Every structure is written in C-alpha cells, then in structure tokens.
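Model, not experiment: these values are computed from the prediction. In listed order, ligands and their atoms are each counted from 1.
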Amino acid sequence: MPITVGLPLAALICAALAVVGVAPLRRAPVSRLRTPYRLFAAGIGVGVLGLLGSAAVGGVGAAVRLGPFAVGHAVSVVLLLAGLLRLPGAADQRGAALRHALDGALLAACALHITWTLFVEHALVRHAGRATPSLSDPRTFLLGVPLLVALAAVGIAGVTAGRARPPRAALVLTGVGVAATAMTGLCLLVSTRYADGPVVLAFGLGYAVSLGLTATALRRVGPAVQTEAGLPGSGILVALVPVGGVIIAAIIRMAVYGSTDNISILIATVIGSLIAVRQMLANSAARRYAHRLAEREAVFKEMAYTDALTGLGNRRQLMRVLYENAVGGPPCVLMAVDLDGFKNINDMRGHDVGDAVLVEVGRRLRANLRPGDVATRLGGDEFAVLMWGRLEEAMRVAERLLAVLGAGYDTDGSAVFLSASIGLAGCATADDVPSLLHNADLSLRFAKQRGKSRVERYDAAYDRWMRRRTTVEQELRGAIEREELSLVYQPIVSVPEGRPVGVEALVRWHHPKLGQISPAEFIPIAEESGLVTRIDRWVLHHACHQLSRWIADGHDPWVSVNISIRELHLSGYVDEVVEVLRAHRVPPQQLVLEVTEHAVALDLDEVVDRLADLRAVGVRIALDDFGAGYSSLGQLRRLPIDLLKIDKSLVGEPAPLVGVVVGLGAQLGLSVVAEGVTERAQQEIVQSAGCRLVQGELFGRAMPAEHVELLFATEIPVPQPRPAQDMGQVDSAHEMRQS
Ligand code: C2E
Ligand code: MG
Ligand code: MG
C-alpha cells in the first residue's frame, strides 16, 4: 500500500473519530469546564485538520507533505496541554500550571539528553555519517519542533496527572490520552517521512484511538475536592532522578567516547536553566506562602485579643497592655466599669436584647475615649478601660461615660434603661498588675455599694471596707436563725391633725460582735448576695403578725413593708403574700408594699404585672424614694401604685419641687407621703405644698412596737406652719383613709 493511500485513509479515519469525539464537547456540564472543553476541541480539530492537509498534498515532496501535519500536530499538542492544565484539580493553585510545565519540560529534556547522549547521536553518526542536523533543511524543524513539543507534552501530562487532586482517575486518564496523542502523532509524522503506507495507516489508527481516548476521558472529569492550599513543592524530587540520569549518561559517554558533543551540552544548558527558573518559582511561592501564614497568624492573634461581641479588647488584651506599660510606666488610670442591673435585662428581655445593649455599650465607650486609651470587655457586663493620664482627667472622662452609658438603649422598638458604676485606680496606687486590678475592682464595688450609677476612685480605706463587707455578708447568712433581726416601726402621720395613720416596718440587725448594723449597709449586701428575699419574707411575716395584734387591740393603722425588686421576680410571691395575710388574718388593704423607684425603673413589664396581681388581692403599693431615681412620667403612669413616697432628698428642696410631685400625685389619683421630714422648715414646705401625709424624725423615729402603741393612743403634736398657699391641694390623708 503506497503512502498516498495509507495517509488519506488514516486521515479520514482520524477525521471521522474526531467528529464523533468533538461533537459532545460543544456543551460543558459546568461552566468551569467550558474553557478546557474548548481547548480540547480546538486541539483535536487543529491536529486532524493538519493531518487532512498533509494527506491532501500526499504525493508532493516529503518537506511539503510534512508541513501541514507537523504544524497542526505541534499546535494541537500545545492546545491539549493547555486544556489539561485548565481542568479542575489539575493546576488550581496560583502558578501551578507554570510549575507543572517547567517540571514536565525538565523531565523531557533529561529524557532527550539521556537518549541523545547514549543512543541517538551514536546511531546518527553510524547511519548518516554525522549527528548534527542541517539547519538549512526545513525537515529538521518540521520533525524537530514536534519532537520537542511531544516530549515536553509527555513530561507535562505525566507531572500533571501525578499531582492531580482527587478524584484523580478521569484526570489521569485524560493526561494519558494527551501523552498518547502527542506520541502517536509524532510517530505518524515521522512515518510520513520515512515509512510506507501500512505503517502510516497503523500509526494513523493509533493516533485516532489516542484522540478518542482523550475525548472520552475528558468527559468524565468532574469537580475536584477543594483542599487548603499549602506550600507547593519545590520540584526538587522531580528533578533529582532524571538529572542523576543525565549525569550518569554523560559519564558513560565520556568513558566510551572520551568526549562530549555540542547538542548534549545545549540540552544540559537548557536543563540547568529550567532548574534555575523552577527554583526561582519555588522561592517566590515559598515567600508568598510565608507571607500568607504571617497574615493569618496576625489575624488569629488579633482574634485572641478581641472580644467577639463588642469588638473591644478582651481580658487578655488588658493584661498584655497592663504588663507591658502600666506599672512603672507613664501615668495611667485603670477604670473598672460595670452595668447596674444588666442581669435583669437578660432575664426580662432575652439575651439578644442583652447582647445588643452590650454592643452599644462598647460603641459608646469607644466613641468617648481618647486615642490610645484601651477599652476592653472582661466578660458579662464588666468592662475595663486603661487611660493614659492623671486621675483628675480620668475622673472627668468617667463622669462623662456615666452620663453617656446612662442614656436609653433603643432595642427592637422599646428603650432599655440602665446605669453604670465606675471604679478608678491610678496605676501609681499599685506595685504590680494584680494589685492594680484589685484596687480598680474595689473602687467599683464601693461605687456599687454606695448606690450605683456613680464614680468612685480608689482609697486605701476601701480594703477595710471590703473586709467589713465580706464579714457582714457571711454573718448575715445566719442572722435569722440566730434571731438577731428585729423590727422597728416609724409612724406615718397625717397633718395637721398629727394622727398616726400608718407605720413603716424597718428591719434592724444587732450582731453580738459587730453591734448594730444599719439596713442601709446590709440590705444592699443582701440584695447582691440574694439573701434579701429571706430577710424580706421574715419581715413580712413579723410585720403582719404585729399588725394583727394591733388590729386585735382595736387600732387601725396600715403597715408598710419594704420589698426588694427580687421578690417581684419570684413567680410564687403573690401567693406567698396572700398566705401570710390569711395566716395572720390581716385585711389586705392594711398592708402596703414599698418598692423603690430606682429598682422599678429597670425592668418595667414584669414589675407592672406582678404589682397589678398584688393590687388585685387588695394589697396597696407604694413607690418609695420617688425623686431619687429616674423613672419617667410615662413609667409612672403605667405603674399600678397607690402611694408616692417623696424621697427625703427632695423634701429638703425648696417648695416648688414638692408641690410638683404632690400635684402629679393628685393627677394620677395617688396619695403622697413626704419622707425624711426632720426639721420644721421642711414640714412647712411639704405642708404648704399640700402634702397631707408625712414621715420623719420630726414626727417620730423608727421605734419598737410597744412605743408605737402609745402613739396610737395619743396625737402627735404638730407644729403649726405659716399660712400655706393653696395649691389645689389633695387631702392625702383623707384619700388614704378612703382607699
Ligand atoms: P426607706 O424605705 O426609704 O426607709 C426610710 C429610711 O429613712 C429609714 O432608714 C429611716 O430610718 C430613715 N429616716 C426616717 N426618718 C428620717 C429623717 O427624718 N431623716 C433621715 N435622714 N432619715 C430618716 P433605715 O431604717 O436605715 O432604712 C434604710 C433603707 O433600708 C430603707 O429606706 C429601705 O430601703 C431599706 N430597708 C429597711 N428595712 C428593709 C426591709 O425590711 N427590707 C428591705 N428590702 N429593705 C429595707
Ligand atoms: Mg421604705
Ligand atoms: Mg424611702
């Protein structure tokens, strides 16, 4: 069979197979495969077109016949390689395609060097008399370039398949297809130069099968598993074995012929250059990787020092700054900040609202500090700020923060109110970081103890106070069992008649060693430690017992009992009160429960419900210390109460303020009691403001029950005030009697 038959036959078979193989590649299953599919289709098309071109000019001289397929095959292999490298899992990392190409080319160059040095050159010299190809003969290039391309293709396809990410099977098979296409195409090309029709046809069939294999394998490639990009290999292992082979081949040749030739030197130079470029790439990849690692480490470090919720620093950050700069460094102040009653917000409104409030607190802190100051959240509602500067400046900043943090928090529609307590300690007050933290914490606890919503600076006396506090708390635990508590009663008097209409039960604690401890000291401690509910239960019980005795003796006072806000959050509290009233046979109207304004302002909804339940059973409710807290008029209107007790701080004020409260009480239909009336001047003020119920030392201190009984029998002499200006007054006493 002449070549003029064998070549067209092979070309037609390849063309037919190419049409079948390429047609399905028009549509890629996923967009990531579109480009590789196109490259493969183009590669197969260009190769087969070149072959058809060569077949068309089959009869003409060998150089012209070689031309179309030589060019077509070289371009085709490059396109197929490009397609292979673009497949998912083949070369996904940055620069991987270039690394694969260089490593593949290196392998090919080594293979070329070894075969050239040991066999090819020797054979050429023996058959043709010389080994150096003629540069003026176009066939040198028409065969040489496809040879180099095909060898490189085998190397690159091999490296790519070897490094493919899972699932690898389809990718490896495609790589095999590309390598087989490159090699069978090369053999077909060489055979059209040197062989007869049957050999050309045989290689043509091999080429067709390789194309078919490539197209079929390609269609099985799917998405690759995504893995974390690590440090790419340096390629040194890929180079080591073949370069070793090159050295051995060179040594053998030197031993056999005693010399080397120009072409092997040229190939060795190419090998050296490829290795150099490859190492440069490996270096820059290593640098990029190190940079990425450093960046990531910085991010992790930052996270380790940041509070995830507020974005402020965390405790670790505070400790780092303190240990690095605070003690023995420039003047600085540590500020401990704690939100008052934050737990209630979490309990009442849910943790989402609580979180939103904390985030806003963080924002307000940041916005109100100076550059360089370090704001941190230590956990829960505890914050700390390290300020650079002197204590006086820090005090000013702290006062500002107090105002800023006390403004309402707008969360899902309704406002939340809370205050903050702040304790300051200058860095100079401590020898080391733990003492500084202790001092700031101590001042904060002092601020809490002194009524919250205030700033306190560290004083050495606080340590004593702290010890006292701890002792009080410990001793308080057994006070009821040891029967150390007692009750005194302070009369509430209607003026001007001077008739005691009610009494306020006030708890007293006498400790055998500590002596008399004021409720102003131990009630806040009891509230903080949760002991207050037990104490209040005891008080309610004893006050009702006393009331029942007075009723039995024919008196008709009401008894006020102070309760803590904690009680109003106990679900069984109303039942408990009803049970106590029943047990002592006390009419509910004669019991008044006093809640302080400050506590009520914090969590209105549940308080309103619970107070309404208490009123529903007939008990009356007084809002204590009114004017000392910050409840809004809106809140006041919502609260189901019967009595307003004007705080003693307001009673000392000039007339208009008391008058306003009395007027307000009248508007809301409430009786008004003025507390803490100690002097005649105060009595005149409250009386002329229209207040008809008063309580205070001027009308009787808190006293034992027996003394109160004597008072019931008499009338308390009321000093007659100057003629009062009428304020459209309400007769509070009359009202109280009516209600
Ligand atoms: P409060 O309910 O506002 O009681 C009035 C306080 O003012 C009492 O102090 C009373 O002795 C004092 N006071 C009365 N008249 C005058 C006066 O003319 N001038 C001045 N400056 N003060 C006067 P006390 O008994 O020390 O109680 C302090 C606070 O402790 C009470 O304030 C109340 O909030 C709380 N408390 C007292 N007993 C109990 C209790 O059994 N349970 C609870 N949860 N708290 C109680
Ligand atoms: Mg009270
Ligand atoms: Mg009060």
Side-chain angles (χ1 to χ4, degrees), residues 449-452 472 476 479-480 484-493 500 502-510 516-547 558-570 573 577 580 591-600 620-629 631 641-653 661 672-683 685-686 693-704 707-708 716:
Q449 172 71 10
R450 292 193 66 186
K452 303 181 178 175
V472 166
L476 193 56
I480 293 179
E484 290 167 7
L485 297 187
S486 61
L487 282 183
V488 288
Y489 300 87
Q490 184 171 35
I492 297 164
V493 179
V503 291
E504 177 173 3
L506 294 161
V507 68
R508 293 290 175 262
W509 178 24
H510 183 85
Q516 198 70 25
I517 302 164
S518 150
E521 180 181 0
F522 72 81
I523 289 292
I525 298 177
E527 272 173 348
E528 220 172 273
S529 60
L531 287 169
V532 77
T533 48
R534 280 181 54 207
I535 295 175
D536 284 350
R537 197 171 291 146
W538 182 93
V539 170
L540 181 67
H541 206 74
H542 285 76
C544 286
H545 175 68
Q546 184 58 56
L547 178 58
W558 87 72
V559 172
S560 265
V561 170
N562 293 286
I563 60 170
S564 141
I565 199 73
R566 273 182 188 261
E567 265 95 273
L568 295 181
H569 296 314
L570 298 178
Y573 185 65
V577 171
V580 172
L591 177 66
V592 175
L593 296 178
E594 295 191 6
V595 277
T596 62
E597 184 206 2
H598 179 76
V600 162
R620 286 179 298 161
I621 308 294
L623 188 60
D624 203 357
D625 302 342
F626 183 74
S631 49
I641 53 174
D642 306 85
L643 257 159
L644 264 189
K645 294 189 79 175
I646 311 177
D647 190 66
K648 44 184 172 279
S649 62
L650 223 61
V651 168
E653 296 285 325
V661 179
V672 180
V673 181
E675 276 192 301
V677 180
T678 16
E679 294 159 12
R680 285 198 54 183
Q682 289 170 338
Q683 179 219 336
I685 287 171
V686 296
L693 293 172
V694 291
Q695 177 183 358
E697 283 168 10
L698 194 63
F699 303 93
R701 291 164 178 261
M703 57 189 85
H707 294 200
V708 179
I716 299 169

Student: Please classify the V561 to ligand 1 contact at 4.0 Å (heavy-atom distances, strictly less than): side chain, backbone, both or neither.
Tutor: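 No part of V561 is near ligand 1 at this cut-off.
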Student: When you measure from the Mg ion (ligand 3) to each N, O or S atom of D624, which atom gives the shortest distance?
Tutor: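 Atom name of the closest N, O or S in D624: OD1.
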Student: Mind checking whether I523 contacts ligand 1 via backbone (N, CA, C, O), side chain (CB onward), both or neither, at a 4.0 Å heavy-atom cut-off?
Tutor: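 Under 4.0 Å from ligand 1, I523 contributes side-chain atoms alone.
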Student: Can you find a pair of side-chain heavy atoms, one from V651 and one from I685, that are under 4.5 Å apart?
Tutor: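 With C-beta onward as the side chain, the pair stays apart.
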Student: Check for a donor-acceptor pair, side chain of D536 on one end and backbone N or O of S564 on the other, with a separation under 3.5 Å.
Tutor: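 Confirmed, D536 side chain pairs with S564 backbone.
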Student: I'd like to check atom 45 (N) of ligand 1 in this structure: does the protein have a heavy atom lying under 4.0 Å from it?
Tutor: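 So atom 45 (N) of ligand 1 has protein heavy-atom neighbours under 4.0 Å.
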Student: One residue to check: K645. Relative to ligand 1, which of side chain, backbone, both or neither has a non-hydrogen atom less than 4.0 Å away?
Tutor: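 Under 4.0 Å from ligand 1, K645 contributes no heavy atoms.
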Student: Which pair of heavy atoms, one from E679 and one from L698, lies closest together, and at what distance?
Tutor: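 Shortest heavy-atom contact: O-CD2, 3.5 Å.
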Student: Are any of the N or O atoms of E527 closer than 3.5 Å to those of ligand 1?
Tutor: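 N/O-N/O distance below 3.5 Å does not exist for this pair.
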Student: Is D624 touching ligand 1 with its side chain, its backbone, both, or neither, if touching means heavy atoms under 4.0 Å apart?
Tutor: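 Side chain only.
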Student: Whether K645 and E504 form a salt bridge (side-chain N of Lys/Arg under 4.0 Å from carboxylate O of Asp/Glu) is what I want to check.
Tutor: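 Yes, charged N to carboxylate O under 4.0 Å.
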Student: Could you pull out the closest heavy-atom pair between H542 and Y489, with the gap in Å?
Tutor: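 In this case the closest contact between H542 and Y489 is O-OH, 4.0 Å.
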Student: Please report the closest heavy-atom contact between P491 and G700, naming both atoms and the distance.
Tutor: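 Taking every non-hydrogen atom into account, CD-O, 3.9 Å.
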Student: Tell me the nearest of P519, S560, S518, A505 to atom 28 (C) of ligand 1, using heavy-atom distances.
Tutor: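 It is P519 that holds the nearest heavy atom.
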Student: Do H510 and E484 get their side chains close enough for a donor-acceptor pair, meaning under 3.5 Å?
Tutor: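 E484 and H510 do not have a side-chain donor-acceptor pair below 3.5 Å.
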Student: State whether any protein heavy atom lies less than 4.0 Å from atom 25 (O) of ligand 1.
Tutor: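 Given the 4.0 Å limit, the answer for atom 25 (O) of ligand 1 is yes, a protein heavy atom qualifies.
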Student: Which is the closest N/O/S atom of E504 when seen from the Mg ion (ligand 2)?
Tutor: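 For E504, the N/O/S atom sitting closest to the Mg ion (ligand 2) is OE2.
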Student: What are the two closest heavy atoms between N562 and A505, and how far apart are they?
Tutor: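 Smallest interatomic distance, heavy atoms only, reads ND2-O, 3.5 Å.
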Student: Near V507, which atoms of ligand 1 are under 4.0 Å from a heavy atom of that residue?
Tutor: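 Atoms satisfying the 4.0 Å criterion: 38 (N), 39 (C), 40 (C), 41 (O).
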Student: Taking both backbone and side chain into account, is any N, O or S atom of N562 nearer than 2.8 Å to the Mg ion (ligand 2)?
Tutor: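 Of the N, O and S atoms in N562, at least one lies under 2.8 Å from the Mg ion (ligand 2), which means yes.
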Student: Can you give the angle D625 OD1 - the Mg ion (ligand 3) - E675 OE1, rounded to 10°?
Tutor: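 The angle at the Mg ion (ligand 3) comes to 90°, rounded to the nearest 10°.
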Student: Geometry only, no angles: is D536 polar-contacting ligand 1 at N/O separations under 3.5 Å?
Tutor: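 For ligand 1, there is an N or O atom that lies under 3.5 Å from one belonging to D536.
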Student: Check V539 against ligand 1 and report side chain, backbone, both or neither, counting heavy atoms closer than 4.0 Å.
Tutor: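 Side chain only.
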Student: If you look at every heavy atom in Y573 and L593, which pair is closest and at what distance?
Tutor: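 Where Y573 meets L593 most closely, the heavy atoms are OH-CD1, 4.2 Å.
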Student: Looking only at distances, please establish whether an N/O atom of ligand 1 is found under 3.5 Å from an N/O atom of Q695.
Tutor: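 By distance alone, the answer is no.
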Student: What do we get for E504 next to ligand 1 when only non-hydrogen atoms under 4.0 Å count, side chain, backbone, both or neither?
Tutor: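 Looking at E504 and ligand 1, just side chain atoms fall under 4.0 Å.
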Student: Which heavy atom of A702 sits nearest to which heavy atom of V488, and what is that distance?
Tutor: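 Heavy-atom minimum between the residues: CB-CG2, 3.5 Å.
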Student: Can we say E527 and R566 salt-bridge, meaning some charged N sits less than 4.0 Å from an Asp/Glu carboxylate O?
Tutor: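 Result for this pair is no, no salt bridge flagged.
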Student: Is it the side chain (CB and beyond), the backbone, both or neither of R508 that lies under 4.0 Å from ligand 1, heavy atoms counted?
Tutor: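 The part of R508 near ligand 1 is the side chain, not the backbone.
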Student: Evaluating non-hydrogen atoms only, which member of R537, R701, E521, Q490 is closest to atom 14 (C) of ligand 1?
Tutor: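 Of the listed residues, Q490 has the closest heavy atom.
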Student: Stepwise, does the side chain to side chain donor-acceptor pair (under 3.5 Å) test hold for T533 with E567?
Tutor: CA-CA 6 Å; T533 48; E567 265 95 273; 5.1 Å; no
Student: Given K648, E594, E675, identify the one with the heavy atom nearest to atom 7 (O) of ligand 1.
Tutor: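 It is K648 that holds the nearest heavy atom.
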